[in-house]
Asks: 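Have a look at this one before I ask anything.
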Protein chains: 2
Amino acid sequence: MDYLDLMKELHIPSKSKVLLLVMDGLGGLPLTPDGKTELEQAHTPNLDALAARGICGLSTPVAPGITPGSGPGHLSLFGYDPLVHQIGRGVLEALGIGFDLHPNDIAARGNFCSLDKNGLITDRRAGRIPTEVGVRLVNKLQAIRLPGVEVFVEPVKEYRFALILRGEGLYDGLTETDPQVTGKPPLPVKALRPEAERAAALVNQWIDQARQILADEHLANGCNLRGLARDPGLPKMSEVYGWKAGAIATYPMYRGVAKLVGMDVLPTGETIEDEVETLKQHWNAYDFFFFHVKKTDSFGEDGNFQGRVEVIEHVDHVLPSILALKPDVIVISGDHSTPARLKSHSWHELPVLLWAEAMRPDDVTTFGERACMRGGLGHVRHVDLLPLAMGYAGRLEKFGA
Amino acid sequence: MDYLDLMKELHIPSKSKVLLLVMDGLGGLPLTPDGKTELEQAHTPNLDALAARGICGLSTPVAPGITPGSGPGHLSLFGYDPLVHQIGRGVLEALGIGFDLHPNDIAARGNFCSLDKNGLITDRRAGRIPTEVGVRLVNKLQAIRLPGVEVFVEPVKEYRFALILRGEGLYDGLTETDPQVTGKPPLPVKALRPEAERAAALVNQWIDQARQILADEHLANGCNLRGLARDPGLPKMSEVYGWKAGAIATYPMYRGVAKLVGMDVLPTGETIEDEVETLKQHWNAYDFFFFHVKKTDSFGEDGNFQGRVEVIEHVDHVLPSILALKPDVIVISGDHSTPARLKSHSWHELPVLLWAEAMRPDDVTTFGERACMRGGLGHVRHVDLLPLAMGYAGRLEKFGA
């Protein structure tokens, strides 16, 4: 039985409020074997006090050894097993730039590439052209028209762009054009099922026109399309958990993933204080809030240990104003680890803090990775966190008589 | 999604080296309630130092309460769920004697038995005849010829032997002859699917001839065939993990199981020192090594507590020369427990030690069962250990964007 089905079956109405506070990439590593992680290093009196009153543990975001991207990391925090509910790369690319993806759109991740005079790929990333060149090329490609569908081409970053087709009768189940090696030509898109034939034909027409338009470019005279996909049509949170869910996030990717599971995306500003203000404004109107803090991840990618420490301290600083709203259940964790030491996402477990009224507190008195190792939650999985929160929130009826 | 499929999809090339050190039957028990286990009793300064720098835990080999045989215990250490990937008993019997099983061979475990004048079984183990009698009987059975296939009969131990048929068009899906009780006759072999009809007919011909040859024997005048099976065709490690894997083991069974998952079996000697020498010789040529130490299990089966302690101390003694090779990831555990106290395999969890560069060390400073209970790895499963090692080895790309 899919766990989501169990939630659908058991959820009951409640006035309780659940807050999921996500510090993106929260899990860290010590820079030296006897050093502290970013979270351990941060001065966090408020998080520590909450850890002392709550219960802590370590959580595996997707599966042991697996480094999650932002999409799977968040889906699992939302209780959706990302190995079951996969989101196409094209959809994630569109969400990442804040594109307003419609349910029947086909979205692809595009990469500019370099072709030789025989049409064989010489560089899959077109010499990593700068973003401004990518923008100029995308502007040229926006001239392409296709019969019966709307076409959107949007720059992402450097050699990356997003292509979206909108219209009736477009289905996914499409192969990618990227042969993954140099010395071969981009491949035509093929339909993997009959319904996808129309989309395949249209995408191939687009590719032909793009080749002509890019022909006189020096570096980026070709392109590849990857991860051609539609919104996966995930079950919505209202249906799964029976709650009205609001998302507060400053970056498009996280607003986009929240939208895929049916959350209302609440308009907010740029800072954590703006986000707290948004939370206060909408507090009475929602049952569940997803509150996303981005910069713990950004500084991790940059290898900026101290930057991560300061973002965590910033969150600690605003925590009392969040607690003043009196949520019934709080879950604090991250979608994946992004240790400054690795300058990238990683597979390491995430520290988790759960606070609610009816709990057995453990001995943990500080919120940190090694303290969480000894926490009363033990080792859990991200997909179990919201169901657990549902239990603590009094939102699930008894299973069986 | 089968976890092996995820590994297949995500593995990337890397120069890192992973070592899986298996002390067979490592998990132990104290002889008295306040005593120490074999591993706790052993003086292991090198393992303890590695535990202090690494992360420890306890691991369930197959499932809670399940006592694994050597086949399932090792498959799970290799990341193959033994409840999904089952190896027939006949195949394990053939591997255990070092028989060079070909992919399309049918292998059976044979047991000599005693029959009364009506052909009913009076003793399913033929009075546990000594090995030399078994060998003499097998020599007689080697005279049997079957049309169109090669026949191999090999002694195993006491009343046990292996029968292998080699030829075209032999498929498994065959019933066993052993009625599992005395007072009944051996049953004919039946095909459970049409493709297996030819094999069933041939095996039944063999059984008829064997009955005639054994007719004048006193104790072992009949035999049963069990676990008639082919090589299960497991996905190979090169495909699953993308690495070149070498196996170093002194006993045929472990070399055989390693071969089933596509490892190269490296020729080695009889002692642990020989195995270390083999590891050194081949260090540059492989990405992954399975290093097997047998005697922890053998002494366990004998109830020899002190013998187990000394084998563990022996491994500890050679550990520095293994570490000098600078593996990037080391996993140390066993395939199952074989406590001297029980004189048999058992269901108890295994102590596990994982060491790699990018880790959060825990508080464990000695490698022992009770220290591992409080380790930072928590309670894991054998099938998760190699995927975790893949993460630490930098051999998996990000899952999802």
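So that the names make sense, note that chain A is the first sequence line, chain B the second, and so on, each numbered from 1.
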Asks: Are Y392(B) and W355(B) near enough that their ring centres are under 6.0 Å apart?
Replies: no

Asks: Classify the side-chain pair N111(A)/N224(A) by whether it contains a donor and acceptor separated by less than 3.5 Å.
Replies: no

Asks: Which atoms of P33(A) come close to chain B, meaning under 4.5 Å heavy atom to heavy atom: side chain ones, backbone ones, both, or neither?
Replies: backbone

Asks: Where on R374(A) is there a heavy atom nearer than 4.5 Å to chain B: the side chain, the backbone, both, or neither?
Replies: side chain

Asks: Tell me yes or no: between the side chains of T366(B) and D48(B), is some donor less than 3.5 Å from an acceptor?
Replies: no

Asks: Side chains of T67(A) and H345(A) only: does a donor on one sit below 3.5 Å from an acceptor on the other?
Replies: no

Asks: Please classify the contact between S337(A) and chain B as side chain, backbone, both or neither, with a heavy-atom cut-off of under 4.5 Å.
Replies: side chain

Asks: Indicate yes or no: at least one non-hydrogen side-chain atom of D172(A) is less than 4.5 angstrom from one of L228(A).
Replies: no

Asks: Check whether P82(A) gets within reach of chain B through its side chain, its backbone, both or neither, counting any heavy atom under 4.5 Å.
Replies: both

Asks: Any idea which of E357(B), M7(B), R53(B) has the most non-hydrogen atom pairs under 4.5 angstrom with chain A?
Replies: E357(B)

Asks: Just so I understand: if I count every heavy-atom pair under 4.5 Å between each of E93(A), R89(A), E369(A), H348(A) and chain B, which residue has the most?
Replies: H348(A)

Asks: Run the ring pair (Phe, Tyr, Trp, His ring centres under 6.0 Å) check on H74(B) and F290(B) step by step: do they pass?
Replies: CA-CA 10 Å; H74(B) 276 86; F290(B) 158 50; 5.3 Å; yes

Asks: Give, as side chain, backbone, both or neither, the part of M359(B) having an atom under 4.5 angstrom from any heavy atom of chain A.
Replies: backbone

Asks: Please flag which part of L377(B) lies under 4.5 Å from any non-hydrogen atom of chain A: side chain, backbone, both or neither.
Replies: backbone

